[in-house]
Amino acid sequence: MNIPGLAAVIALAATLAASCGAAPPAPTVSDASTPARHSRPIPPPPPLATPCGGPAAQDVSTADQLRAALARVQPGMVIHLLDGTYSGRFDITTAGTADRPITLCGSRAAILDGGSSKDGYTLHLRNADHWQLSGFTIHGAQKGVVLDNTHAALIEGLLVHEVGDEAIHLRAASSDNTVRANTIRRTGLHQHKFGEGIYIGSARSNWCTYSNCQPDRSDHNLIQANDIADTTAENIDVKEGTTRGALRGNTLSFAGADSWVDIKGNDWTIADNIGTDARQDGFQTHVILDGWGERNIFQGNNAMVNAPGYAIHITKQDLGNTVSCTNRATNAGAGLANIPCQS
């Protein structure tokens, strides 16, 4: 069956209840340009920790209403996206507070459609601390969700797909955020080499753009329980300059790069992830700049590599990166890792 991605989501909407937590049948993302191997069902929406709707929420049903609500939003408010398509690109520049976060939520049938994949961001948070984005769908534009200098945000239960480059990008010192239980499919429709699922920080070549020519310290971010497949670059890319984050319990597959995950930062924990069908290795570290790509810990990962490389490939040794013997490798042609595992 040949169903364009947006049509698949609209068809899915007919099966969704109005509740944010409804669980529809799982469709398959596919089209004529995608080989059958690179097609994995979209799982039902996960249960959401963040309530959606209710008497205190402001309901919106059009793109203009959403823009107006975002322009006047205040800490503690809840903006509830009613089911439907919201065409355009949307900016968030107001911060919530720790005790009064701001929530933007909706069911998976509430679709923010950013249009052409050649430019723009569908949803862009700038200096917007303490936001909770929950449940809805992001489609189109060059990038799906971008956080710049945003802290303590929660991105939870979104479906982000059919985007030009990366799906979710935390950059410009965006720290202490949680990206949890999102589903990501079909990135890199514009530029394959930039089609990451989740991208943390900035490449050194972009530090003068996003972090005053200093390392982009997008630190202490938790990337947890996301389902990522069909990306043209890595499922998750962690850049040099970032420290002390964690990738936990993610489900990874069909990355277009030579690994599902590439770690170039320091002191990251990569634990309890499940990967299937890599091109070369499952997980990699790299040293792009001296002083980075160090002291990362891999533990409890289950890597069904089905490729000639390692489950875990430490590109430069003797930098304090460790591979626990609790990691498992299946059909990894070169074995578990290129350094001894530690009990």
Side-chain angles (χ1 to χ4, degrees), residues 3-30 39-54 57-61 66 78-86 90 101-114 122-123 125 131-141 144-145 147 153-163 167-168 177-187 197-198 222-231 235-236 247-254 273-274 276:
I3 302 176
L6 182 55
V9 173
I10 293 172
L12 170 62
T15 69
L16 285 168
S19 141
C20 293
T28 297
V29 175
S30 63
S39 182
R40 196 170 95 198
I42 295 175
L48 301 177
T50 306
C52 185
Q58 177 183 352
D59 291 345
V60 297
S61 60
L66 174 56
V78 176
I79 301 172
H80 178 208
L81 299 165
L82 299 179
D83 290 355
T85 299
Y86 299 76
F90 302 92
I102 303 171
T103 299
L104 176 64
C105 64
S107 82
R108 190 170 278 182
I111 303 163
L112 304 190
D113 184 353
T122 300
L123 188 59
L125 284 73
W131 272 78
Q132 298 177 342
L133 311 177
S134 182
F136 52 92
T137 293
I138 296 281
H139 172 276
V145 182
L147 273 60
L154 170 65
I155 304 174
E156 175 195 42
L158 304 186
L159 169 61
V160 186
H161 72 137
E162 311 283 337
V163 295
I168 298 175
N177 300 292
T178 298
V179 180
R180 180 175 65 210
N182 302 283
T183 299
I184 294 172
R185 295 290 189 276
R186 284 186 49 78
T187 61
I198 298 176
L222 173 62
I223 313 302
Q224 183 175 40
N226 300 283
D227 186 316
I228 309 173
D230 309 335
T231 63
N235 292 161
I236 303 174
L247 313 181
R248 293 186 180 275
N250 299 285
T251 300
L252 312 167
S253 65
F254 303 141
N273 302 285
I274 298 173
T276 306

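The analysis underlying the following values was restricted to heavy atoms, covering all of them including side chains, and did not include hydrogens, waters or symmetry mates.
Shown are H161, H139, E162; of these, the side-chain hydrogen bond (donor to acceptor under 3.5 Å, both in side chains) with R186 is made only by E162. For the side chain to side chain contact (heavy atoms under 4.5 Å, CB included) with I155, the lone residue among I223, L147, T178 that qualifies is L147.
Between the Y86 side chain and the L81 main chain, no donor and acceptor come within less than 3.5 Å of each other. Of the possible donor and acceptor atoms, one in the side chain of N177 sits under 3.5 Å from a partner among the backbone N and O of A153. The closest donor-acceptor contact from the side chain of N182 to the backbone of V160 lies at 3.5 Å or more, if one exists at all. In terms of modelled atom types and a separation under 3.5 Å, the side chain of T137 and the main chain of A109 share no donor-acceptor contact. At least one donor-acceptor pair under 3.5 Å links the side chain of N235 to the backbone N or O of S253.
Separating the CG atom in L133 from the CG atom in L154 is a distance of 7.5 Å, to the nearest 0.5 Å. One finds the CD atom of E156 at 10.5 Å from the CG atom of N226 (value rounded to the nearest 0.5 Å). Taking CZ of R180 as the start and CG of L48 as the end, the distance is 9.0 Å to the nearest 0.5 Å. Between L252 atom CG and N273 atom CG the span is 5.5 Å, to the nearest 0.5 Å. Summarising the geometry, atom CD1 belonging to I42 is positioned 11.5 Å from atom CD1 belonging to I184; distances are rounded to the nearest 0.5 Å. Note that the CD atom of Q132 and the CG atom of L104 stand 11.0 Å from one another [nearest 0.5 Å].
Residues that satisfy the side-chain contact (heavy atoms from CB on, under 4.5 Å) test with I274, not counting sequence neighbours, are N302, M304. Residues meeting the side-chain contact (heavy atoms from CB on, under 4.5 Å) test with T122, sequence neighbours left out: L112, I138, A141. In terms of the side-chain contact (heavy atoms from CB on, under 4.5 Å) criterion, residue partners of V78 (sequence neighbours excluded) are, by chain and number, A57, T103, C105.
In the model, T85 has no side-chain atom that pairs as donor or acceptor with a side-chain atom of D113 under 3.5 Å.
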I'd like to know whether R108 forms a side-chain contact (heavy atoms from CB on, under 4.5 Å) with T183, so could you lay out the CA-CA distance, the side-chain angles of the two residues, the decisive distance to 0.1 Å, and finally the verdict. CA-CA 11 Å; R108 190 170 278 182; T183 299; 3.8 Å; yes

Would you please test F136 and I111 for side-chain contact (heavy atoms from CB on, under 4.5 Å) and show each step? CA-CA 6 Å; F136 52 92; I111 303 163; over 6 Å; no

Take R185 and D227 through the side-chain contact (heavy atoms from CB on, under 4.5 Å) test and state the conclusion after the steps. CA-CA 9 Å; R185 295 290 189 276; D227 186 316; 2.9 Å; yes

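Between Q224 and N250, the shortest heavy-atom distance links the atoms C-OD1, 3.4 Å. A167 approaches G197 most closely through the heavy-atom pair CB-O, 3.2 Å. Contact record, H80 with G106: CD2-CA, 4.2 Å, taken as the closest heavy-atom pair. Considering all non-hydrogen atoms of both residues, G135 and L158 come closest at N-CD2, 3.5 Å.
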